[in-house]
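This one's a predicted model, so the numbers in the text were calculated from it and none came from an experiment. Lettering follows sequence order; numbering is per chain, from 1.
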2 protein chains.
Amino acid sequence: MDDEPLPKAVRRGLADEVADRVRDAVFAGRFPPGAPLREVELAESLGVSRGAVREGLARLQREGLIRTGWHRPTTVVAATAADVEEVYRVRAALDRLAAVTALRRATPRDLDELDRLVDEMAAELAAGAGVPRLLALDMAFHDRIYRAAGNGRLTAAWQAVRSQVFLFQLQRVSLARGQYRALVVAEHRELARLLRAGGDEHHLDRLAAEHVDTARRSLLALLPDPDGTDPAGTDTAGTDPDGTDPDGTGPDGTDPEGTTAAG
Amino acid sequence: MDDEPLPKAVRRGLADEVADRVRDAVFAGRFPPGAPLREVELAESLGVSRGAVREGLARLQREGLIRTGWHRPTTVVAATAADVEEVYRVRAALDRLAAVTALRRATPRDLDELDRLVDEMAAELAAGAGVPRLLALDMAFHDRIYRAAGNGRLTAAWQAVRSQVFLFQLQRVSLARGQYRALVVAEHRELARLLRAGGDEHHLDRLAAEHVDTARRSLLALLPDPDGTDPAGTDTAGTDPDGTDPDGTGPDGTDPEGTTAAG
DNA sequence: CCATGTCCGAATGTTGACATCAGGTCGTGC
DNA sequence: GCACGACCTGATGTCAACATTCGGACATGG
């Protein structure tokens with residue numbers, strides 16, 4: 001008996017389908033950073049109407065994977081140091097909350113799944129698996145933590161940066177060095193251990209923060225340094241300062257199974 | 001001599017207009033919690049096509065203000081204790097990051113504006129202003145902090161919960177008691193002071209968390225105790241992981257550019 | 001040669017109509 | 001009387017066509 005026997009057979013619309021296809025295409029490098037995603041082209045290519053494409057793109061915009069403007073073609077985001085800084089800072093805040101919350105709410109099933117993912121990660125690593133495969137497992141691991149936390153809004157916020165995290169890691173294949181790969185696996189194993197231990201909230205919180213920080217620094221090391229160690233003022237154009245950016249469309253709250261794939 | 005002399009004259013689409021109108025209507029109580037928002041009705045009422053309405057509703061869904069399903073009418077969210085818990089926990093995580101980041105990036109103009117908002121808040125309070133007015137100022141205050149932080153993704157995440165925070169506070173007019181009102185103003189003044197001082201990051205982080213927690217508890221106190229939401233959850237986490245308590249969420253939110261209405 | 005005004009292509013923004021689906025109601029058989 | 005199935009209504013999902021706007025190229029005047 002599963003806690004959730006049936007994954008609830010959700011009726012997806014075309015927009016979701018379009019979003020998934022385009023997202024995978026972006027991850028696969030079909031559309032490099034800065035490349036335009038024209039609605040008509042995608043509509044023809046996918047065999048659907050522009051409306052569906054439009055809605056799907058709006059969803060991807062919500063995920064921060066693409067940017068658009070008034071009467072301007074949407075383009076794939078290009079990862080600058082400022083972007084990485086922004087995304088990972090937000091991710092750290094969310095991850096910490098997710099970990100601490102999961103500490104109190106994780107079910108035995110959640111804990112088992114986390115261990116299984118870490119084991120699989122280690123196995124794949126030993127087998128010399130490619131970066132996308134390891135990244136997918138990495139993502140699945142964190143997705144599970146968010147799911148265990150059981151906070152819909154938190155999960156939604158995570159999904160708003162998740163694709164960017166994946167894309168950035170994929171573009172800059174920072175996992176290339178074996179040393180770092182092993183470290184990542186070790187960090188995940190430690191996270192799973194602390195969650196199972198169920199005790200030290202402070203320790204877990206700190207580990208979650210450090211885990212993200214490790215990834216952030218390893219990515220920033222590969223990017224042109226805009227300014228000092230402490231990036232201030234890297235506001236830049238990417239996002240709008242006023243905060244009222246025109247984005248996307250409605251989220252669907254909960255999406256349990258990771259959609260990204262890219263395996 | 002503004003830092004940004006011209007507010008950039010953004011070209012808004014119909015979807016944004018629709019979203020603003022509907023949001024204001026919801027805040028004004030035109031659509032009570034649970035009420036259906038039918039696309040055709042709104043289309044006729046606003047004099048636009050269903051497409052525009054659809055896109056606008058998608059935006060509101062992203063803000064968590066409405067919920068929808070496959071071929072089911074969208075409805076206004078009803079604030080349960082679990083919802084408040086979720087929203088405020090996420091908000092606390094975001095607010096903490098925003099405050100700490102703003103500590104390093106806030107410009108003198110930002111600081112002046114924060115002080116001005118607090119003063120105005122105090123003045124309105126003394127003048128016996130209504131709850132919506134105080135809430136709007138409260139929101140503007142926090143919006144300014146997010147803006148000062150200069151992290152677009154963080155701001156986007158904030159906007160995904162901002163409307164809910166506003167709605168919850170508005171529905172349960174927890175600010176009714178004069179005592180609490182005064183406390184809120186004092187907390188804001190302290191936040192502004194710490195930001196201007198520019199020093200103690202730890203202290204600021206903790207204050208931001210407490211500020212949100214105060215609001216969270218005051219709201220939960222007014223809601224029926226759901227049982228299941230979470231055993232340890234509501235009060236919870238008394239321990240602070242980083243020395244600062246990980247959760248907690250905050251109270252008000254508002255929107256800067258006066259869209260919210262009610263005022 | 002630089003600055004200004006105008007035109008054109010292309011993409012998005014917007015629209016109204018058609019197809020599909022969920023929920024409730026009624027009717028039927030046991 | 002109860003369970004099951006078909007039907008109908010109303011809503012959203014989807015589509016193809018029209019209107020608006022951006023960006024650049026071209027021509028023009030100083």
Side-chain angles (χ1 to χ4, degrees), chain A residues 6 8-22 25-26 31-32 34-62 65-77 237 240 244-255 259, chain B residues 6 8-22 25-26 31-62 65-77:
Chain A
L6 299 180
K8 59 188 167 176
V10 62
R11 264 264 178 281
R12 292 156 41 93
L14 262 190
D16 292 282
E17 202 66 33
V18 170
D20 287 348
R21 299 290 181 84
V22 175
V26 170
F31 299 99
L37 294 171
R38 273 174 276 265
E39 296 180 358
V40 284
E41 287 183 8
L42 293 175
E44 287 182 23
S45 178
L46 296 173
V48 297
S49 176
R50 265 189 57 210
V53 171
R54 196 177 173 73
E55 212 163 319
L57 289 180
R59 215 153 302 201
L60 293 183
Q61 187 186 359
R62 180 177 69 83
L65 223 139
I66 60 180
R67 293 176 188 281
T68 184
W70 178 262
H71 274 291
R72 251 196 309 277
T74 65
T75 58
V76 178
V77 294
D240 81 33
T244 62
D245 68 351
D247 42 358
T249 54
D252 194 21
T254 62
D255 175 20
T259 56
Chain B
L6 299 179
K8 58 188 168 171
V10 62
R11 264 266 176 280
R12 291 155 42 92
L14 262 191
D16 292 282
E17 201 68 31
V18 170
D20 288 347
R21 299 290 181 83
V22 176
V26 169
F31 299 100
L37 294 171
R38 274 174 276 263
E39 295 180 358
V40 284
E41 286 183 10
L42 293 174
E44 287 182 23
S45 177
L46 296 173
V48 298
S49 176
R50 261 190 61 208
V53 171
R54 194 177 172 73
E55 214 164 318
L57 288 181
R59 214 153 304 203
L60 293 184
Q61 187 185 358
R62 180 178 77 81
L65 222 135
I66 60 179
R67 293 178 187 280
T68 184
W70 178 264
H71 275 291
R72 246 195 313 274
T74 64
T75 57
V76 178
V77 294

Could you give the [atom1]-to-[atom2] distance, from [X] to [N], as a whole number of Å?
| X | N | atom1 | atom2 | result |
| --- | --- | --- | --- | --- |
| A:Gln61 | C:dG13 | CD | C1' | 14 Å |
| A:Glu44 | C:dT12 | CD | P | 12 Å |
| A:Leu57 | D:dT14 | CG | C1' | 16 Å |
| A:Asp16 | D:dT12 | CG | C1' | 14 Å |
| A:Arg50 | D:dT20 | CZ | C1' | 12 Å |
| A:Glu55 | C:dT12 | CD | P | 16 Å |
| B:Leu42 | D:dA11 | CG | C1' | 13 Å |
| A:Glu39 | C:dT12 | CD | C1' | 6 Å |

Candidate nucleotides D:dT21, D:dC15, D:dA11, ranked by approach to the side chain of A:His71 - the nearest: D:dT21

A:Ser49 side chain, from C-beta outward: closest of D:dT12, D:dA16, C:dT12: D:dA16

Heavy-atom donor-acceptor pair, A:Arg12 side-chain to D:dG13 base, under 3.5 Å: no

N/O donor-acceptor pair, side chain B:Arg72 with base D:dG10, under 3.5 angstrom: no

Smallest separation among heavy atoms of [X] and [Y], with atom names:
| X | Y | answer |
| --- | --- | --- |
| A:Pro73 | A:Pro36 | CB-CB, 4.4 Å |
| B:Ala19 | B:Arg59 | CB-CB, 4.3 Å |
| A:Glu39 | A:Leu57 | CG-CD1, 4.0 Å |

Sugar-phosphate only, base, or nothing, as touched by A:Gly51 at under 4.0 Å among non-hydrogen atoms: nothing

Interatomic distance, A:Phe31 atom CZ to A:Thr74 atom OG1 [nearest 0.5 angstrom]: 9.0 Å

Value rounded to 0.5 Å, distance of CG in B:Leu60 from CD1 in B:Ile66: 5.0 Å

Side-chain N or O of B:Arg38 closer than 4.0 Å to phosphate OP1/OP2 of D:dT12: no

Whichever of B:Glu41 and A:Ala52 has its nearest DNA chain D nucleotide further upstream toward 5': B:Glu41

